[in-house]
Number of protein chains: 2
Amino acid sequence: MDQDELLTEALRLAIDPPGGVSVDALRELTRDDDAGQWDIATTAAHLGVNPHTLRYYERIGLVSVDRDTAGHRRYNAPAVRRLVFLTRMRTSGMPISDLLRYVGLVEGGGATVPERLEMLLEHRDTLRSQIAQLQLALAATEFKLATYKEAPRP
Amino acid sequence: MDQDELLTEALRLAIDPPGGVSVDALRELTRDDDAGQWDIATTAAHLGVNPHTLRYYERIGLVSVDRDTAGHRRYNAPAVRRLVFLTRMRTSGMPISDLLRYVGLVEGGGATVPERLEMLLEHRDTLRSQIAQLQLALAATEFKLATYKEAPRP
DNA sequence: GGTTGCATTGGAGCGCACTCACAGCCCTAG
DNA sequence: CTAGGGCTGTGAGTGCGCTCCAATGCAACC
């Protein structure tokens, strides 16, 4: 795998998680700019979250969402992409407060890129140690299972 | 690595986590049966939790803890071992309610071993998918970092 | 036109897992 | 002898992240 392939793979992983929005779905969303909008139920389903959660995210300022003539939310491609990122960060344990800070930085323009980078680096480290912790817990669990199988003593 | 070595390694992982109680500390605890007891502060420090949390765990029935003549808690080796297990399960995401069920089963005797096994197997699967999720999030984060490094666009 | 159904809003409520406050007891040091 | 500090039990409080409620409104189908 060369660099390009690695990046492609990472991108696929980044935006095509199991249980998350699929690349095809995103493509469908952007097919034509006019109809390329999802209502809250569709968006929530694609993201695997509760519609309430999407309203909550909007309320606290994590995303801004357009309205149709009836005042109903219409999620366009950029909003969905942001939500994909946000939900991914959330499910990997980044607190909402950090996400608020991050989107604040994004809104703040290019000058905030270093700070965003720092946040991402920090999160990467957090993820790595989380994974290590879980792998330890997994080993412990498997050991416990092994002891049960050999000689059942609690 | 043969079977024995694997088990030894797993055991080491199981009871010697980074930031958790160490094998040496446990050994120290069991050195002589008489002094082999920890007070709540020592125990909490070794487990890396708040003393309040230990009282809480006792209150809800996760462990039973002896008292000294002054009525202060004394954690003996079995109690510490159970707490090591419990905190490990907790930090790997098993809810308290499940832990309560598990210790209930342990109290219930050998007949509950199959059910305990089932719980552990389920937890193992949960851990595996958690790890997979986190690895995806890690890949996504690293991809984002890569995009920032090449052409800073949010 | 009426009913059904999903949407809207702000605010309240919930579940989890702690975490702390309070009043009182006990031991030790000075 | 007394002051300090850590422990005790119990109840209440906290923070997070949703999740639901109530009242209302539009929209599409029968």
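The sequence lines fix the lettering, A, B, ..., with proteins before strands; numbering per chain opens at 1.
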- request: May I ask you to evaluate whether A/R90 reaches the phosphate of D/dC16, defined as a side-chain N or O under 4.0 Å from OP1 or OP2?
  value: no
message: If I take atom CG in residue B/D98 and atom P in nucleotide C/dG15, what distance separates them, rounded to the nearest angstrom?
response: 17 Å
field: Selected nucleotide, minimal atom distance to A/R67 side chain, candidates C/dC18, C/dT9, D/dG17
entry: C/dT9
Short side-chain N/O contact from A/Y57 to OP1 or OP2 of D/dG17, under 4.0 Å: no
- prompt: D/dT19 C1' sits how many Å from A/I40 CD1, rounded?
  reply: 13 Å
Donor-acceptor pair present, A/R59 side chain and C/dG11 base, under 3.5 Å: yes
Atom-pair distance (CD1 on A/I60; P on D/dT19), nearest Å: 13 Å
- line: Checking C/dA7, D/dC7, D/dC21 against the side chain of B/D39 (C-beta onward), the nearest is D/dC7
query: Just to confirm, is there a sub-4.0 Å distance from OP1 or OP2 of D/dC20 to any side-chain nitrogen or oxygen of A/Y56?
result: no
message: What is the distance, to the nearest angstrom, from the OH atom on A/Y75 to the P atom on C/dA7?
response: 10 Å
Euclidean distance, atom CG of residue A/L86 to atom C1' of D/dG17 [Å, nearest integer]: 14 Å
- prompt: Which of these nucleotides, D/dG25, D/dG9, D/dC18, is closest to any side-chain atom of B/R73?
  reply: D/dG9
field: Salt-bridge contact B/R82-B/E58 (side-chain N to carboxylate O under 4.0 Å)
entry: no
- prompt: Residues two or more places apart in sequence or in another chain: which of them pass salt bridge (charged side-chain N to carboxylate O under 4.0 Å, His left out) with B/E122?
  reply: none
statement: To the nearest angstrom, the NE2-C1' distance between A/H52 and C/dG13 comes to 12 Å
- request: Classify the ring geometry between B/W38 and B/H46 as parallel (under 30°), tilted (30 to 60°) or perpendicular (over 60°).
  value: parallel
- request: Could you work out which one of D/dG17, C/dC27, C/dT19 sits closest to the side chain of B/A70?
  value: C/dC27
field: Heavy-atom pair with the smallest gap, counting every atom of B/G110 and B/P114
entry: O-CD, 4.3 Å
message: Taking the ring centre of each residue, are B/Y148 and B/F143 less than 6.0 Å apart?
response: no
task: Please tell me which of B/S97 and B/H72 maps to the more 5' nucleotide of DNA chain C, matching each residue to the nucleotide holding its nearest heavy atom.
output: B/S97
- prompt: Between B/D66 (CG) and D/dC7 (P), how many Å, whole number?
  reply: 17 Å
- request: Please determine, for the side chain of A/R55, which listed nucleotide (D/dC26, D/dC18, C/dT9) has the closest atom?
  value: C/dT9
From A/R116 atom CZ to A/R101 atom CZ, the distance as rounded to the nearest 0.5 Å: 11.5 Å
query: When all nucleic acid strands are considered with a 4.0 Å heavy-atom cut-off, which category describes B/P51: base, sugar-phosphate, or nothing?
result: nothing
statement: Of the listed C/dA7, C/dC18, D/dC18, the closest approach to the A/I96 side chain comes from D/dC18
- line: Checking D/dC20, D/dG17, C/dA17 against the side chain of A/N50 (C-beta onward), the nearest is D/dC20
message: I need the CG-P distance between B/L54 and D/dG6, as an integer number of Å.
response: 17 Å
